[in-house]
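Inspection log for the structure reproduced underneath, given as structure tokens.
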Amino acid sequence: MKNPSRSAADGGALLWTTCIMAILSLFATEVLRAVSGRFQLGMQVAKWQESLIAAESGIDLAIVELRKSLYPTPNGAWDGWTNSPGAGVISHGLTTIPNAGLAGTPMTIEVDVDAPAQLIDPVNGWQYYRVRTLGWVPLTGPPRIGYNKQDNHLRKLTLRVQRYIDDLFTSETSAPHAARRLEAIVAPVSSFGQAILSMGTLDLNNQNIVVDSYDSRDPTKSTNGLYDVAKRQENGDIATDGNLIQAGNAHVYGDVETNSGTATGVANVTGVQRTDFYQAPIPIAAPSWPSINPTPSVVNGTVTLNASATQGAPSSRYVLNGITTSGNQTLTLAGNADGSPSYIEIYVNGDVSVAGNSQIVLGNGVRATIYFSGNVDIGGRGMLNPNDQPSDLLLYGIQPTDSSPRHVSLGGNGQITAAVYAPDFDVTINGGGTTGHVFGSVVGKTTSMTGVTNLHYDEALAATGLINNYRIVSWIEDTR
Amino acid sequence: MKTAGVNRSAFLLVEMMVSVVIFSVICMGLLMGMISLQRNFVATTDFATNHADAIRISDYLALDLRRALTVQAAQNNTTITVPSYYDTNGVPRTPTLDGSGGVYYGSSSSSVSVHYYLLGGTIYRQEGTSPTVAIADNVRDFIFDVTDSGKVVTTRITFTSIFTRAGASAADLGLPGTSSATAVYNTTLLRNTRSDIVSGVY
């Protein structure tokens, strides 16, 4: 027999259960709605930030290729890109990096590098490069916009239709993704960016040395283009890729920089001390000139080599097996009689020795570049640079093809005015004349100064010589 | 006529009173629980909304600081200048060498000012002469601090949480000016060389 009261009780329990389940479901739905929206916002923010990392990586990729191009060929620069960037030529690269995080979404990096004509420095002809990058990361989850339109205004995500900006990049699709676009201007950096740069130990221990700077281009920082102690500047930086600078309490009017190393005797350093320095020692390859002046093939005694008013003219390019002078012999690098600018390039594939009372003399207006692969010993009366401009005498050490040690020793009784880039050579400066003044910049494998009291770095050198690096001088995000 | 006797059972008054009391206690507990849940939900939602606002403000500031040329930092009132990258049509310009190793966009020494400020419970951002844009509404209790350290700039955004409990400290409550749990920090490396200070470090 049916029990009415029992049936009513069962129905009531079912009703109660249904009501409670409905209420709990409402709660769960509301919580899920709120949480999923926040979660999606969090994911979108993370993807938006990751796309910036992707875009910045694109700038790094471009700079890596630019730096590769500085090495002797074959250097592999721009391999895998569409072109080498040049006037009117855009180099285009596209990279996709697998990503283990954030739902396994990859990041895509698209880079365009070009060399606009208006980014050529009229002073030295250096080309600045424009690097434009796109970084984008797919968005996971449903293509929903955020709760707050202000978030959408900031992050400008692509959810269903690609936001068209211009034709510069092609990898973007209409699939949901976050994208960032950057533009950086990359400038060349000279081999002579510091007063002293050493790949290894830098030793200033021998004397009470002063290292400071001036700028021969600026009358407020020099007098008639020459060093003036009253206008001393504090950019006489000394640096090492190694981990030891023995400053010997030298008066350094500039920074002291090591590669995670230590600097001793830095009581008289006016600038900052950094331990995060590293600059790749770009090797110098032997010149491969298509045409040269064949005579002489060696200098052994008093000789005159003629410069040319045209830079790179074959008549002013010499390949010598060595330079040896002694006694009162003189190697003259003769220019124009009126002292107007003239140029000479010399490649010495042997040793350079200036001894006794001999001397290397630059004529007025001569701008000399000397490449050497052997040892260099400059003594005697040293090198006469009549206009006292270090940029007029640039010395480059060729990367040795064997492991035997090489050295450069600059001394003698005359004032030294030159810039030396020899990252594979042990460089010793032990001259500077009776006043002990050396004007210029020194880059060596190891570098030591003995018997010298003053090294004055001409900041104008930072805009001349061989390009040794690239650096970002402008960075901007395209927020369209 | 005498009705037929029916055997009716009933609760005693005492039983009724006890059951009513128990029911009342349970209902009160449920009600208080519901109220507490509701308050917690509202507070959590408010916190999440405020946190999203703080993240947005922080991202806006970082966006402009990365490309900044100058920074004038003050509490709830910060001005950043950025390169004049766009022409009047909104198209990016090609830069020009400045003769000192750098470049500029537009005319020499030109830049665009970006102003962030809190006014009437809203944080605004104005870029150049463009219309002011509200980047966060209902943020009367927000404070954004910008600490200028030269090459890096740190932003700190705090708001007042509506979570309360007895004995809660100011920091727990997220009161402005305290080292609170609501603070959103962001340290940004300025990519460009600043024109308003001299930095020999980088």
Side-chain angles (χ1 to χ4, degrees), chain A residues 23 27 30-31 34-35 37-38 41-42 45 48-49 52 56 59 114 116-123 126 128 130 132 146-148 150-151 153-155 165-166 168 180-185 187-189 234-235 237 254-255 270-272 274 462-463 471-480, chain B residues 30 34 37-38 41-42 44-45 47-49 51-53 55-60 62-64 66-69 82-86 90-105 112 114 122-123 125 127 133-137 139 186 189-193 199-202:
Chain A
I23 293 169
F27 274 120
E30 178 60 17
V31 169
V35 170
R38 309 292 174 202
L41 175 64
V45 170
W48 187 70
Q49 300 286 13
L52 176 65
E56 292 214 279
I59 298 174
D114 68 338
Q118 68 192 84
L119 292 184
I120 296 175
D121 190 330
V123 175
W126 284 359
Y128 290 45
R130 176 170 57 183
R132 290 175 287 187
Y147 289 133
N148 195 319
Q150 291 156 339
D151 285 322
H153 183 77
L154 168 64
R155 300 193 178 96
I165 296 175
D166 55 33
L168 190 61
R180 310 282 287 267
R181 296 161 64 116
L182 303 177
E183 175 175 318
I185 306 301
V189 176
E234 298 189 358
N235 292 308
D237 301 344
D255 300 340
T270 65
V272 299
R274 293 172 53 187
R471 65 187 177 95
I472 297 171
V473 294
S474 173
W475 186 105
I476 195 159
E477 180 169 359
D478 186 351
T479 56
R480 290 178 293 169
Chain B
L30 282 172
M34 292 291 288
L37 273 175
Q38 172 67 7
F41 183 77
V42 169
T44 304
T45 305
F47 185 92
T49 303
H51 189 69
D53 285 337
I55 293 287
R56 188 185 323 113
I57 297 162
S58 176
D59 283 348
Y60 260 115
L63 178 81
D64 288 321
R66 276 187 214 101
R67 52 181 176 164
L69 299 173
V82 299
S84 183
Y85 184 53
Y86 303 105
V91 177
R93 295 182 165 109
T94 299
T96 305
L97 299 181
D98 65 5
S100 303
V103 299
Y104 61 83
Y105 291 88
V112 175
V114 184
T122 300
I123 293 178
R125 175 181 183 274
E127 182 173 341
V133 175
I135 61 171
D137 298 315
V139 289
N186 189 10
L189 174 72
L190 278 60
R191 269 63 164 176
N192 292 319
T193 301
S199 172
V201 178
Y202 293 98

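Every value quoted in this text rests on a predicted model; they were computed, and no experiment measured them. In what follows, chains carry the letters A, B, and so on, assigned in the order in which the sequence lines appear, proteins first and then strands, with residues in each chain numbered from 1.
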By a 4.5 Å heavy-atom criterion (distance strictly below it), what part of [X] contacts chain A: side chain, backbone, both, or neither?
X	result
B:Val82	neither
B:Leu97	both
B:Ile55	both
B:Asp53	side chain
B:Tyr105	side chain

Is chain B contacted by the side chain of [X], its backbone, both, or neither, given a heavy-atom distance below 4.5 Å?
X	answer
A:Ile472	neither
A:Leu41	side chain
A:Arg480	both
A:Gln49	side chain
A:Asn148	side chain
A:Leu182	neither

**Complete:** Interatomic distance, CG@B:Asp59 vs CG@B:Asp64, rounded to 0.5 Å, equals 11.0 Å
**Message:** Tell me which of these, B:Ala52, B:Ala62, B:Ala134, has more heavy-atom pairs under 4.5 Å with chain A than the rest.
**Reply:** B:Ala134
Can you confirm whether [X] sits close enough to [Y] that some side-chain heavy atom of one is under 4.5 Å from a side-chain heavy atom of the other?
X	Y	answer
B:Tyr85	B:Val112	no
B:Tyr104	B:Pro95	no
A:Val473	B:Thr193	no
A:Gln150	B:Val133	no

**Request:** Answer yes or no on whether A:Arg180 is positioned over the face of A:Trp48, meaning its NZ or CZ is under 6.0 Å from the six-membered ring centre and within 45° of the axis.
**Result:** yes
**Prompt:** Side chains of B:Arg67 and A:Ser474: donor-acceptor distance under 3.5 Å anywhere?
**Reply:** no
**Message:** Pairing donors with acceptors under 3.5 angstrom, does anything connect the side chains of B:Glu127 and B:Tyr86?
**Reply:** no
